[in-house]
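In what follows, a single structure is set out as structure tokens and then discussed.
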Protein chains: 2
Amino acid sequence: MTEPRRPRKKTRVTSLDIAHRAGVSQATVSRVLAGSPLVNAETRRRVEQAVRELNYKVDRHASSLRTQRAGTLALLLFEDPTPDDSHINPFFLSMLGSITRACARHGHDLLVSFQQLSDDWHADYEDSMKADGLILLGYGDYLAYESKLEKLVEQGTHFVRWGQVQPGQPGISIGCDNHAGGALAGRHLLERGHRRIAFLGDASSRFPEFFARYQGCDAALREAGLGMLRELQVDADSTEEAGYAATCNLLARDKPFDAIFAASDLIAIGALHALKEAGLRVPQDVAVVGFDGTPMARFADPPLTTVVQDTSRAGELLVETLLRQVRDQPVRSVMLAPTLEVRASSGG
Amino acid sequence: MTEPRRPRKKTRVTSLDIAHRAGVSQATVSRVLAGSPLVNAETRRRVEQAVRELNYKVDRHASSLRTQRAGTLALLLFEDPTPDDSHINPFFLSMLGSITRACARHGHDLLVSFQQLSDDWHADYEDSMKADGLILLGYGDYLAYESKLEKLVEQGTHFVRWGQVQPGQPGISIGCDNHAGGALAGRHLLERGHRRIAFLGDASSRFPEFFARYQGCDAALREAGLGMLRELQVDADSTEEAGYAATCNLLARDKPFDAIFAASDLIAIGALHALKEAGLRVPQDVAVVGFDGTPMARFADPPLTTVVQDTSRAGELLVETLLRQVRDQPVRSVMLAPTLEVRASSGG
DNA sequence: CTGAAAGCGCTTACAG
DNA sequence: CTGAAAGCGCTTACAG
């Protein structure tokens, strides 16, 4: 399977080559490519033709060195150490898709990097001028990285974080209104007649988005004179395995429950398996609601009711906010309203 | 939720600042940072200390402009137009993870871009010096983009493609040995006593990887004096929806079959749902085997037997091959051996 | 509207 | 082992 080597040398075309061919100065070529209005229409035409004929592209490094802007954003996707590449949360992958597209719409390139939460972050993208700003994405112990956020703010780094929006946080955050999402789930389950709702997922300030989902659901129950029960809460990180294990744990407690609100779709799908293995029917014996709105929810068995986060909007907002920040325009943290997608797992 | 603006101006630290602080010339600073062996140990120490104290980072654009290397690779993920961000094939996302990590290991950054197969590609990353080379990833009609590959070769662009490896292809490809993978599936189903094996997925030269999987399975059956039956082949692209629809189509044909070999895990999972709806038991009535080894296979109902592609190895090999090509070292196309992971969907 | 010129921050022969 | 100097390919005041 050896391929013949193509010797074909690339001779770099520069703006000077274009200038010669179009019979103008190099400065004028640069003006045309920057879309300057100062150029005569006929001159512009000649330059553009030469550009096309020689397939000229502006050298990014020369341009960026001169202008001091990279035209690039960096996405830091941090995750707990997982030995297996494939275990990236599908929700984040969907965010990655929408961020990539938003970047393209705004004429920027996107550098992607996976970081361990424990590592020193490669937050030097901006110091080395590789990127104009950073997008931070990922779950993980909030306490473990709040100090890192503070350091970024101190250094004057431009960044936007996806996550729970809380007062007094260092820097700007864009996130789902997790409390409202939890309330959606809670009200829905109440309406279906459920009373004893188990929660699968950490519910502490170390995992603020999960905690807010828990509290939102609790608030909805309280409106009805009920509430979440701590005996029905089991910690779980956002994997199917953890959801499965948490459900087994819950079943072993032998406390009655008639519904499960899982802090993520992955957890919910793990729960569906554990319930099935235990011989419990969904939704007749136990209703299940997930969170995220990942595509796999639709194909779970039974199809999973889930609180949907609008990843398209989220990606656009992250990029837009970051670019405003880079341009020194005022920015603010924003929470996005989630929606509920009802399917068979809650008797839809 | 308005955040106070941090006025904090960034004053760029340059190598000249380091030089002054360390009492050496700017050239020496550059040598230290490039790891040149020509520098006196004590001088090096002084420079490194100044670098640390001022948190200096080499300016990527200045460096790249001078050396004419970007230190960056670009990943073009092309896909058929899907309105929904979340519908990226999980297999490719797993590849993205492993490519990102391989890049980091090799000290390169990764630009990521999603392209429509129909669009003009943003293959100008190299022309504009944004990247030293391209990694192409994505399914899609092979005929539709063979000509694009030829153009890349003509232009002398450095690129490596993930996909079916075929003689006479333009450029270098790294891919799974799909024929061998199909044979693994075929032999496994034969051993379990299945004889009439349906195939879900395009089986034409327009989709070479699917076609090779089909032919591999066919070859395994022929060794046993059997073969695949065209009446049991249904086209499907790699989505759950398509797998579901294809299975309904297959059932409507009313030709007996005792197993399904799906060209991808997504197709297989769609098939599982259609079979269940039709009241058929898996694996008792119909065995099902998928392809890719995505994490969702393990959590399908029943857990899905699948032909596993080694994405970690694939990512490493793609990056390594591309970097060799950039350095003008000889490179060749390579097929990676898949493995079979047997689970309950085929009576495991 | 256009050109000549300075300069962005590095790397690397060239001298010593 | 170190420094002075050229130059990578642009953008953008400054003159005209």
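Each chain gets a letter, A, B and so on, in the order its sequence line appears, and its residues count up from 1. These numbers come from the heavy atoms of this one structure, side chains and all, not from hydrogens, waters or symmetry mates.
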Which nucleotide wins on minimum distance to the side chain of Ala27(B), given the candidates dA4(C), dT11(D), dA5(D)? dA5(D)
Spell out yes or no: do the side chain of Arg31(B) and the base of dG3(D) have one donor N/O and one acceptor N/O closer than 3.5 Å? yes
Using atom CZ of Arg66(B) as one end and atom C1' of dA6(D) as the other, report the distance to the nearest whole Å. 8 Å
Is the shortest side-chain N/O distance from Gln68(A) to OP1 or OP2 of dG9(C) below 4.0 Å? yes
Arg69(A) atom CZ is separated from dT12(D) atom C1', nearest whole Å, by 15 Å
Would you kindly give the NZ-to-P distance between Lys57(A) and dG9(D), to the nearest whole Å? 16 Å
From CZ of Arg45(B) across to P of dC1(D) the rounded distance in Å is 16 Å
Here's a test of your reading of the structure: between Gln26(B) and Leu65(B), which maps to the more 5' nucleotide of DNA chain D? Gln26(B)
Do Leu149(B) and Phe159(B) come close enough that some side-chain heavy atom pair is under 4.5 Å? yes
Considering every strand and a 4.0 Å limit on heavy-atom distances, what is the contact class for Ser30(B): base, sugar-phosphate, or nothing? base
Answer yes or no: does a side-chain N or O of Ser15(B) lie under 4.0 Å from OP1 or OP2 of dC10(C)? yes
Have His106(A) and Glu316(A) got a donor and an acceptor in their side chains that come within less than 3.5 Å? yes
Can you measure Leu38(B) atom CG to dG3(D) atom P for me and round it to whole angstrom units? 13 Å
Scanning all shown strands, the Watson-Crick or wobble mate of dC1(C) with both distances under 3.5 Å is dG16(D)
If I take atom CG in residue Leu16(A) and atom P in nucleotide dA4(C), what distance separates them, rounded to the nearest angstrom? 11 Å
Looking at Asp124(A) and Lys130(A), is any side-chain nitrogen of the basic one under 4.0 Å from a carboxylate oxygen of the acidic one? no
Hey, does the side chain of Thr28(B) come within less than 4.0 Å of dT2(D)'s phosphate (OP1/OP2), counting only N and O? no
Between dA6(C), dG3(D), dG3(C), which nucleotide gets closest to the side-chain atoms of Ser25(B)? dG3(D)
Of the listed nucleotides (dT12(D), dC10(C), dC10(D)), which one gets closest to any side-chain atom of Thr67(A)? dT12(D)
Consider only side-chain N and O atoms of Ser94(B) and Thr311(B), and report whether a donor and an acceptor are under 3.5 Å apart. yes
Describe the nucleic acid contact of Ser64(B) in one word from base, sugar-phosphate, nothing, applying a heavy-atom distance below 4.0 Å. nothing
Asn40(B) has a side chain; which of dA5(D), dG9(D), dT2(D) sits nearest to it? dT2(D)
Among dG3(D), dC1(C), dG9(D), the nucleotide that comes nearest once only the side chain of Arg12(A) is considered: dG9(D)
Got Leu33(A) and Tyr56(A) here, is their nearest side-chain heavy-atom distance under 4.5 Å? yes
Rounded distance in Å - NZ (Lys130(A)) to P (dG9(C)): 18 Å
Please walk me through it: do Thr157(A) and Leu134(A) pass side chain to side chain contact (heavy atoms under 4.5 Å, CB included)? CA-CA 8 Å; Thr157(A) 302; Leu134(A) 265 38; 4.0 Å; yes
Specify the separation, in whole Å, of atom NE2 of His20(A) and atom P of dG3(C). 11 Å
Any Tyr56(B) side-chain N or O less than 4.0 Å from OP1/OP2 of dG9(C): no
